[in-house]
Amino acid sequence: MKRSVIDILDLSARELEELIATAEDIIANPDKYAHVCDRKKLATLFFEPSTRTRMSFEAAMYELGGHVISVSSAMSSSAAKGESVADTAKTVSCYADIIAMRHPKEGAAYVAATNASVPVINAGDGGHCHPTQTLADLLTIWREKRRFSNLTIGLCGDLKFGRTVHSLINAMSRYNGNRFVLISPEELQVPGYVKNDTLNQNKVPYVETTDLETAMPELDILYMTRVQRERFFNEEDYLRLKDSYILTPDKLKNAKTDLSILHPLPRVNEISVAIDDDPRACYFKQVLNGKYMRMALILKLLKEAGTL
Amino acid sequence: MNIDSIQNGVVIDHITAGKGMKLYQLLKLGETDLSVAIIKNVNSRKMGKKDIIKIDADFPINLDLIAYVDPGATVNIIRQGKLVEKRAMEIPLTLRDVIFCKNPRCITSTEQELHHVFRLTNPAEKEYRCIYCESRAGN
């Protein structure tokens, strides 16, 4: 049966673990998967700029033996002529076996999924959800820690508009013993609904702070984020907040030796390049993990749709 | 004050005092040429004061809208001067084109043909969220 993934919560904890197992099998046995999607087509519809997510999806499909057809920007698509997301989804369903879509408007992927006749993967809908980034984050946490429980997870930067932050909180709140340290300027705190619906409702402990250095010693995972210019209506607010947190080697002095530093990328300046060689820096591994998880997800959805 | 009984039509009774005009506007009764009476601040044993709307014609009442705005209201269907049906309100699980998403980042802000649909996410607090962007109604 056709099924889409719009939100990380569309996947159960068990399904996440199955995807991770598939991804680890792909890493261990790439040849086994090199032709599983022969003659299948992925359509990448990106109506908002993206480098790594689009390339990651495309690389994932190629490594499964499949093909990619693509719309690289809204200006080069019929959306520029005023075509609705619903019509685009119906049309592209005629060409492709599966769709990965990014769109600046929140809920666009849901509209596409309800109109497409093939599975739709949300590759980011505005500030709302970005489930495959969370899949990359989860595989990285798993490969670094070999567990999803009893972790103190620091989230730092733009926690208001950062969709990856909300999805990661949702995903990690399902496991026992986790604790969140939410580090942000007051203007960019985690929205109330995430605190109420996820953290408070599941009785997940968390603290909010503006001070990264004080929080550092207790963290098992530090998830840095970029303050995103494109989420602000007001340039002045962006300029005032963009340099709120910059992670430097000095700030890691009191960090645990087995801390894992994650970042959904792209970074601007919030992680100094001097940290890139620190063994605790995991953000480029995270990029690679993202490709493996997208491969696992494409496989799962094509199988469920009866296409494979 | 007396308002004549209606023969065939709808009486929305037990409206919380002060909400009658709001319901009148949301039901778009002002856009019709029907005979409509809005009676405000009527004495009520149960409620102290209440508002009533009488519509002297068959009118397709949006029960979800009334239930969302004022769940204590009742809708009475009148035929030949007699009450033939009394409908109590239940909090609707979904609202379709009753309220509108105000999030400027929501897909409904640019795709005009989409229905505005909200889902009841917290019955205790009567909280609804947009099915597209998950913004809370009223925000």
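Chain identifiers are assigned alphabetically (A, B, ...) following the order of the sequence lines, protein sequences preceding nucleic acid strands; residue numbering begins at 1 within each chain.
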Step through the shown structure and confirm whether more than 12 heavy atoms of other residues, nucleotides or ligands are within 6.0 Å of CZ on Arg174(A).
-> yes
Can you run down the side-chain hydrogen bond (donor to acceptor under 3.5 Å, both in side chains) pairs that involve residues 15-29 of chain B, sequence neighbours left out, and say none if there aren't any?
-> Thr16(B)-Asp70(B)
Any pair counted as side-chain hydrogen bond (donor to acceptor under 3.5 Å, both in side chains), so long as it reaches residues 96-107 of chain A, sequence neighbours left out | Thr53(A)-Arg102(A), Arg102(A)-His130(A), Lys105(A)-Ser109(B), Glu106(A)-Asn103(B)
Interchain contact, Gln112(B) with chain A, by part (heavy-atom threshold 4.5 Å) = neither
Contacting region of Leu114(B) [heavy-atom separation from chain A under 4.5 Å] | side chain
Say you draw a straight line from OH of Tyr223(A) to CG of Leu159(A); how long is it, rounded to the nearest 0.5 Å?
-> 11.0 Å
Show the atom names and distances, to 0.1 Å, of all donor-acceptor pairs under 3.5 Å that link a side chain in residues 88-98 of chain B to residues at least two apart or in another chain.
from     : atom 1 : to        : atom 2 : distance (Å)
Arg96(B) : NH2    : His115(B) : NE2    : 3.0
Asp97(B) : OD1    : His116(B) : N      : 2.7
Asp97(B) : OD2    : His115(B) : ND1    : 2.6

Could you walk me through whether Cys101(B) and Cys133(B) pass the side chain to side chain contact (heavy atoms under 4.5 Å, CB included) test, one step at a time?
-> CA-CA 9 Å; Cys101(B) 188; Cys133(B) 69; 3.6 Å; yes
Considering heavy atoms only, which positions within residues 107-117 of chain A lie below 4.5 Å of chain B?
-> Gly107(A), Ala108(A), Tyr110(A), Val111(A)
Lys50(B)/Asp13(B) ion pair, N-O < 4.0 Å | yes
